[in-house]
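What follows is one structure encoded as C-alpha cells, with my remarks underneath.
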There are 2 protein chains.
Amino acid sequence: MTDQLSKAFAALADPTRRDLVARLAADGDATPGELGAPYAMSLQAVSKHLKVLEEAGLVTRSQKGRRRPVHLEADVFDLMTKWIERYRREAEERYARLDAVLGNLTGSDDRERDVS
Amino acid sequence: MTDQLSKAFAALADPTRRDLVARLAADGDATPGELGAPYAMSLQAVSKHLKVLEEAGLVTRSQKGRRRPVHLEADVFDLMTKWIERYRREAEERYARLDAVLGNLTGSDDRERDVS
DNA sequence: AAGTTGTGCAACCAGAAGGTTGACAATTGG
DNA sequence: CCAATTGTCAACCTTCTGGTTGCACAACTT
C-alpha cells in the first residue's frame, strides 16, 4: 500500500475521514481541535486520521503559533477521478461495442481468450 | 464500514483489486480462474478479492455451467466520482472566493461570483 | 460411473487499522 | 518564569485484512 492512489482510496474509505475532508472543503482550513470537536473520540484519534490524510496527500499542515491549521489539497482528487473515470469509460465503451456486435449478428461465439 | 461508499473506496484501495477492475474494464467479463492467472497468489485469495469487489457493488457474478463469470458494474463508479467531485468543487470555489477577497484588498474591483 | 476442473467456504496466521490512555513538546498569556 | 493550551508521539488492545492451506461440491469429460 505504498502508492499514492492506494493511500488516497484507503484514506477516503473511512467515514470520519470523509467527513473531515467534507468539512475542510466547505469551511476552509481548521485546526485539529476544531475538526475533532464534533466527534465522540479523543483528539489523538483525530490526529491519527489527519496523519493518514496527510500521508495520502489530501491534506497539508502548517504551524501558526501553537495552532496547526489543516489545509485541504485538491490535487489528489484529480488522481482518483482520473483513475475511476478511465476504467468506467473503458467499460462503457466495451459494452457499447458488445451491444453493436449483438445488434448486428444476433448470435456468435467469440470466447476463450487469454488474459495477459 | 457498512455504507456503500466506504466499501467502494476500501475495495479500490488494494492494487490487486484495482488491477482486476482495470482488466475487467479492458477485456470484459472473465472467470476467477482467468482473472487470477497473472498473479502469484492462490485462486482462493483471488476469490476473496472478488467477494470484496462484489460486496462493494463494483462487480456481479453469475453462473454459466461450472464457470462463474465476473461482470464489472460501472454504477458505483459514479457514486465515487460524485462524492470526490463535489468536495473538490466546494474546495476550489472556496479558494476562488478567498482569492477574490484578497484581490479586493489589494485594490481590485473583482466582485463575488456565484458559482452554483 | 469415475475422475477432473472450477470455485467457494472455513480455519488459521501475521500485520495493519482504529481506538484508548499517558507522557511530553511547543507556544503564549499572565 | 509559570502554567495553561494545543497538539503529537508511544505503547497497548481489539478488530479487520489479505494471504495461506485444506476441504466440499457441483458440473463437465471420458
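A, B, ... follow the sequence lines: proteins, then strands. Residue 1 opens every chain.
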From [atom1] of [X] over to [atom2] of [N], roughly how many Å is that when rounded to an integer?
X: B:Leu12; N: D:dT17; atom1: CG; atom2: P; answer: 14 Å
X: A:Lys7; N: C:dA16; atom1: NZ; atom2: C1'; answer: 13 Å
X: A:Lys48; N: C:dT20; atom1: NZ; atom2: C1'; answer: 8 Å
X: B:Glu34; N: C:dT5; atom1: CD; atom2: P; answer: 16 Å
X: A:Asp14; N: D:dT17; atom1: CG; atom2: C1'; answer: 15 Å
X: A:Leu43; N: D:dA4; atom1: CG; atom2: C1'; answer: 15 Å
X: B:Leu50; N: D:dG18; atom1: CG; atom2: P; answer: 13 Å
X: A:Phe9; N: C:dA17; atom1: CZ; atom2: C1'; answer: 19 Å

Over all atoms of both residues, closest heavy-atom pair of A:Lys7 and A:Thr2: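 Minimum heavy-atom contact is CE-O, 3.7 Å.
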B:Lys51 (side chain) and C:dG8 (base): donor-acceptor pair under 3.5 Å: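 No.
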Side chain to side chain contact (heavy atoms under 4.5 Å, CB included) assessment of A:Lys51 paired with A:Glu55: CA-CA 6 Å; A:Lys51 190 170 190 179; A:Glu55 283 169 356; 3.6 Å; yes
Please enumerate all protein N or O atoms sitting under 3.5 Å from an N or O of nucleotides 21-25 of chain D, with distances to 0.1 Å.
residue	atom	partner	partner atom	Å
D:dG22	O6	B:Gln44	NE2	2.8

For residues 12-25 of chain A, dump all side-chain donor-acceptor pairs below 3.5 Å to protein atoms at least two apart in sequence or in another chain.
residue	atom	partner	partner atom	Å
A:Asp14	OD1	A:Thr16	N	2.8
A:Asp14	OD1	A:Arg17	N	3.2
A:Arg17	NE	A:Ala11	O	2.7
A:Arg17	NH1	A:His49	ND1	3.2
A:Arg17	NH2	A:Ala10	O	3.2
A:Arg18	NH1	A:Leu12	O	2.8
A:Arg18	NH1	B:Ser6	OG	3.1
A:Arg18	NH2	B:Asp3	OD2	2.9
A:Arg18	NH2	B:Ser6	OG	3.0
A:Asp19	OD2	A:Tyr39	OH	2.7
A:Arg23	NH1	A:Leu35	O	2.8
A:Arg23	NH1	A:Tyr39	OH	2.9
A:Arg23	NH2	A:Glu34	O	3.3
A:Arg23	NH2	A:Leu35	O	3.4

May I ask you to verify if any side-chain N or O of [X] is less than 4.0 angstrom from the OP1 or OP2 atom of [N]?
X: A:His49; N: C:dG19; result: yes
X: A:Ser47; N: D:dT8; result: yes
X: A:Thr31; N: D:dG7; result: yes
X: A:Arg61; N: D:dT8; result: yes
X: A:Arg17; N: C:dG18; result: yes

Which residue lies more 5' along DNA chain D, comparing A:Arg66 with B:Arg68 via nearest heavy atoms: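 The answer here is A:Arg66.
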Kindly list each side-chain donor-acceptor pair under 3.5 angstrom involving residues 62-70 of chain A, sequence neighbours excluded, with atom names and distances?
residue	atom	partner	partner atom	Å
A:Gln63	NE2	A:Gly65	O	3.1

